[in-house]
There are 4 protein chains.
Amino acid sequence: MSVKQNIVEQSIRLFETKGFSETSIQDVVEALGVTKGTFYYYFQSKEQLLKEIHLMYIDELLKRQEQIIRRADINNKSKLMEIVRLLVNQIRENGRSARVFFREMRNLNPESAATVKQKRRTFRLNLQAIIEAGMREGEFRQDLRADLITFAILGMCNWSYNWFNPEGPATDEQLVETYMETLLHGMERLNKLTK
Amino acid sequence: MSVKQNIVEQSIRLFETKGFSETSIQDVVEALGVTKGTFYYYFQSKEQLLKEIHLMYIDELLKRQEQIIRRADINNKSKLMEIVRLLVNQIRENGRSARVFFREMRNLNPESAATVKQKRRTFRLNLQAIIEAGMREGEFRQDLRADLITFAILGMCNWSYNWFNPEGPATDEQLVETYMETLLHGMERLNKLTK
Amino acid sequence: MSVKQNIVEQSIRLFETKGFSETSIQDVVEALGVTKGTFYYYFQSKEQLLKEIHLMYIDELLKRQEQIIRRADINNKSKLMEIVRLLVNQIRENGRSARVFFREMRNLNPESAATVKQKRRTFRLNLQAIIEAGMREGEFRQDLRADLITFAILGMCNWSYNWFNPEGPATDEQLVETYMETLLHGMERLNKLTK
Amino acid sequence: MSVKQNIVEQSIRLFETKGFSETSIQDVVEALGVTKGTFYYYFQSKEQLLKEIHLMYIDELLKRQEQIIRRADINNKSKLMEIVRLLVNQIRENGRSARVFFREMRNLNPESAATVKQKRRTFRLNLQAIIEAGMREGEFRQDLRADLITFAILGMCNWSYNWFNPEGPATDEQLVETYMETLLHGMERLNKLTK
DNA sequence: TATGAATGAGTGTTCATTCAT
DNA sequence: AATGAATGAACACTCATTCAT
C-alpha cells in the first residue's frame, strides 16, 4: 500500500478513536513511523486530509445510489430498501470512516464543507425523488410529506453509526428488515383493524 | 442571572457555533467581559463545564420522560408519542444545547462520559420498556425487535438536530405527526390490501 | 523596567544583530529568561512587536521635526540644519533602532507598512516644505528641484546608519557640519571663480 | 539562457519582491517548473546563490569604476560625475539586483560577507581617492574631510534604490544633474554674496 | 541532468491552567 | 470574588537539505 494510502488509513483510525481536533499530525506520523515532513509532502494541510476522507466516503455512497436509481427491474419500494441497505452496510463495513464522516464535518473549512454538503444534499434529494415517484405510482401513501419522511429515514439509518456493532446481537440484515418493515407497515398491531 | 449561569449560557452558544475544542476559555470570558481567573473560580476545568452542560440536558430529558412514564391516564402508544414530542420539542426549544449534547460527548473525560452514557442508556431503556409494554398489551406488533425499534425511533428524532429549523417550512408539531404516523402505520399504500 | 519594555529592548538588540526573520521568538524570550507564553501575553504577534518598534522610532522623529518646524526664531536654512542634526543624532543615539527601522520595514504586514510609510512620507514632505519655503524666501537656489534635493538630503543622512560609528574617527557634529557645508556651498573650489 | 542563469534571474525577482528569507527554494523552482533537486545540482546552498548575485553586482560596478578611473582625458570632477552616473544608472537598469544587493547582505555567511564587504570598501576608497586627487589638484575645496564627503555621495546615490522609479516624474539624467549640481555648488543662493 | 521522496530541526502561535495578590 | 501575569506543553506547518535512482 502506498504511503499516502497508509496515512489515510491510520488517520481514519485515529480520528475515529480520538477525534479530529484531538489527533495531532504527530500522532498520525508516529503511528506510521515516518516524520511530519512526509505527511506534508503528501497533504497540504490536516484539513485537506479530512476533506479527502469525506469525499471518498460520500462519493462512494453517491456512486452506489446512482446504480440503484438506474435499475429498471425493481420498483420504488425495492429501491428504497436498497438504499436503506446501502446506508446500513456502509456503516457495517466502513464504520470508522462513517463515524469520521458524520462527526467531523464541522472541521472542514467552509469551501470543503460546502462541497460535501452539496453532495449530501444530492444524496438526500435522490432518496426523496424515489419516495415521490413511489407516491405518484401508488406504492406509497400520498398523505405524508416526502421531505420529512426522507429525513426520518436518513435519521433512522445514519443514527446507527452511534450504536450499531456488527459483532453485536443483531446482524445488519436484521436491521435492514426491521427498519423496512417499520417504515412500510408501521408498528401498530393491525388485527385490531381487521377484527 | 448569576455569573456561573452566564458562563454556561455563553459557552453553550460558543460551543455550538465553533465547537468545544475550537472554543478557548479566552473566547468564553471575553464574551462576558471577565477574565480567565473568574472562570477558574467557578469551574475546575473546561471539561467540567462541558460535563455540567451535558448533565443539565440529559437530566431535564430524564425528568420529563419520568413524568410521561408515570401517567396512568394514557396508553403506551400515547406515551410513545409524548416521548417523540419531548425529543423534537427539546431540539426546537434548546437547539443549541441539543447540538452541543450530541456533538461534544467525545470531549468528556472517561468518568463524565460514563455517567452521561449511563443516563442516555436509561432514557433509551425507558423508551424500550414502553414499547415492550405496548407489545404485551396488544398495542404494537410483536414480530419486531423492541431494541432495534427503539434505536430506530431515537435515530429518527435525534437526527433532527442536524437539519430541523423551527423557522423553516415545517413546524415541530408537523414533524411529530409525520414521525408518529410513519412509525405507527407505515408509508405503504394500504388500499392495495383492502381491495 | 517593565517586562514589555524589556522585550522591546532585547528584540531591538537581536533584530539589529541577526535580522528580524532570523531572530526567533525563542531567541527573544531566552535572552530574557521568560517563556514564549509571556511574549504572547504582551504581543499579539511577532509582527506587532516590529510595528511598535517602527512606530516608536518614526513618531519620535516626527515629534522632534514638528518642534523644529514651529520655531519662529530661525530661518529655513537653520531649520534644515536642525533636521540634518536630528537625523544624524538619532542614528548616533539610537543606532540599533535606526538600523532595525531602515532595514526591516519589508517585514511589516501591509497595513502596518502603510501606516509607517505614510508617516515617513509626512517627514519627507515636511522637509521638502522647508526647502520650498527657503527657495521662495531667497535663502536657497530656485533652479533645483525641491523634491530631488529632499531625497538627496535624506539619502545622505540616512545612509549613515550603514557605517557611522559614534566611537569612530568622526563625531556626529563633524558629520552634521560636513553635510551642511556640502549641501549649502558645494565641494567645488570657489577661488577659481573669484580669480 | 542556461538553467543556472534562469535560476539566478528568477530568484533575483523573487528575492526583491518577497525578500531572501521569505523566499523558499520551492518558490524559486516552482517559478521555473523544475524540482528542488535541480536547484541543488547547480547550487550548493541557498546562500551560495545569494553570494553569486552579490558578486555579479559588485564586480560589474567595480569593473565600470575601474574604466572611469583609468581615463586620462577627463579631470576628477568629471570622474566624480561619471561615478554618480554609474550608481544611478545601475539602479535604473538593474533595480531588482540593486535592491537585493543593498537589502540582503546580512544573509550572506561570514566569509561571503567579508568578500563582498571588501569589494564595497574598494569601491568606496576608489571614489575617495578621486576626491582626494581633486583636492590636491585644486578642483575641490580642501577644507572638507574626503572620507565623510565620500560617504555623503554614496548615501545620496545609493539611497535612490529606495524610491527612484525610472517611470516616475524624474529621469535618471535629471537625478544625476541635480545631485552633481548640489554636490559641486551647493543649494545656497549665491547672488547674496555677489551683490 | 534531473527527480521525488523523505528528513529533522525549526517556526510562530495557542491555550488550559496556576497562583500570588 | 476576581485579576493579571506567567507557564509549559503542545500544535500545525515550513523548509533547506539529502540521496537513491
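Numbered from 1 within each chain, the chains take letters A, B, ... in sequence-line order. Every heavy atom of this structure was used, including side-chain atoms; hydrogens, water molecules and symmetry mates were not.
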Worksheet item: What's the CG-C1' distance between Leu32(B) and dA1(F), to the nearest Å?
Response: 15 Å
Worksheet item: Between dA5(E) atom P and Ile7(A) atom CD1, what is the distance in whole Å?
Response: 12 Å
Worksheet item: Mapping Val34(D) and Ser21(B) onto DNA chain E by nearest heavy atom, which one lands closer to the 5' end?
Response: Val34(D)
Discussion item. Is there a side-chain contact between Phe43(A) and Val8(A) in this structure, where contact means two heavy atoms from C-beta onward sitting under 4.5 Å apart?
Written reply: yes
Item to complete: Under a 3.5 Å limit for both distances, which nucleotide forms a Watson-Crick or G-U wobble pair with dA20(E), could you say?
Response: dT3(F)
Fill in: Value in whole Å for how far the P atom of dT7(F) lies from CD1 of Ile25(B)
21 Å
Worksheet item: What is the distance, rounded to the nearest whole Å, between atom CD of Glu30(C) and atom P of dT7(F)?
Response: 13 Å
Worksheet item: dT7(F), dG12(E), dT3(F): which one has an atom nearest the side-chain heavy atoms of Lys36(C)?
Response: dG12(E)
Discussion item. Using atom C1' in both nucleotides, what's the gap between dT21(F) and dT1(E) to the nearest angstrom?
Written reply: 12 Å
Worksheet item: Hey, is CD on Glu47(D) packed in by over 12 heavy atoms from elsewhere, all under 6.0 Å?
Response: yes
Item to complete: Go through Phe101(A) and Arg120(A) one step at a time and tell me if the side chain to side chain contact (heavy atoms under 4.5 Å, CB included) criterion holds.
Response: CA-CA 11 Å; Phe101(A) 181 76; Arg120(A) 288 182 69 159; 3.8 Å; yes
Worksheet item: With distance as the sole test, does Gln48(C) use its side chain to make a donor-acceptor pair with the main-chain N or O of Gln44(C) at under 3.5 Å?
Response: yes
Discussion item. Under 3.5 Å for both donor-acceptor distances, Watson-Crick or wobble: does dT13(E) have a partner, and if so which one?
Written reply: dA10(F)
Fill in: Integer-rounded Å distance: dA9(F) P and Phe39(C) CZ
20 Å
Worksheet item: Separation of Gln26(D) atom CD from dT14(F) atom C1', in whole Å?
Response: 11 Å
Discussion item. Please compare Gly33(A) and Gly37(B) by the position of their nearest nucleotide in DNA chain E and report the one closer to 5'.
Written reply: Gly33(A)
Worksheet item: So do the side chains of Lys4(D) and Glu52(D) get within less than 4.5 Å of each other, counting heavy atoms only?
Response: yes
Discussion item. Expressed as a whole number of angstroms, how long is the span from Lys18(A):NZ to dA10(F):P?
Written reply: 11 Å
Discussion item. Would you say that more than 12 heavy atoms from the other residues, nucleotides or ligands in this model lie under 6.0 Å from the NZ of Lys117(A), or not?
Written reply: no
Worksheet item: Does a side-chain N or O from Thr38(B) land closer than 4.0 Å to OP1 or OP2 of dA2(F), or not?
Response: no
Discussion item. By the 4.0 Å heavy-atom rule, please label Ser24(D) as base, sugar-phosphate, or nothing.
Written reply: sugar-phosphate
Worksheet item: Within a reach of under 6.0 Å around NZ of Lys46(B), are more than 12 heavy atoms found that belong to other residues, nucleotides or ligands?
Response: yes
Discussion item. Can you list, in residue-number order, the parts of residues 40-51 of chain C that come under 4.0 Å of DNA chain F, counting heavy atoms only?
Written reply: Tyr41(C), Tyr42(C)
Worksheet item: Looking for any heavy atom pair under 4.0 Å, which part of the strands does Ser2(C) touch: base, sugar-phosphate only, or nothing?
Response: nothing
Worksheet item: Separation of Asn6(B) atom CG from dA2(F) atom C1', in whole Å?
Response: 15 Å
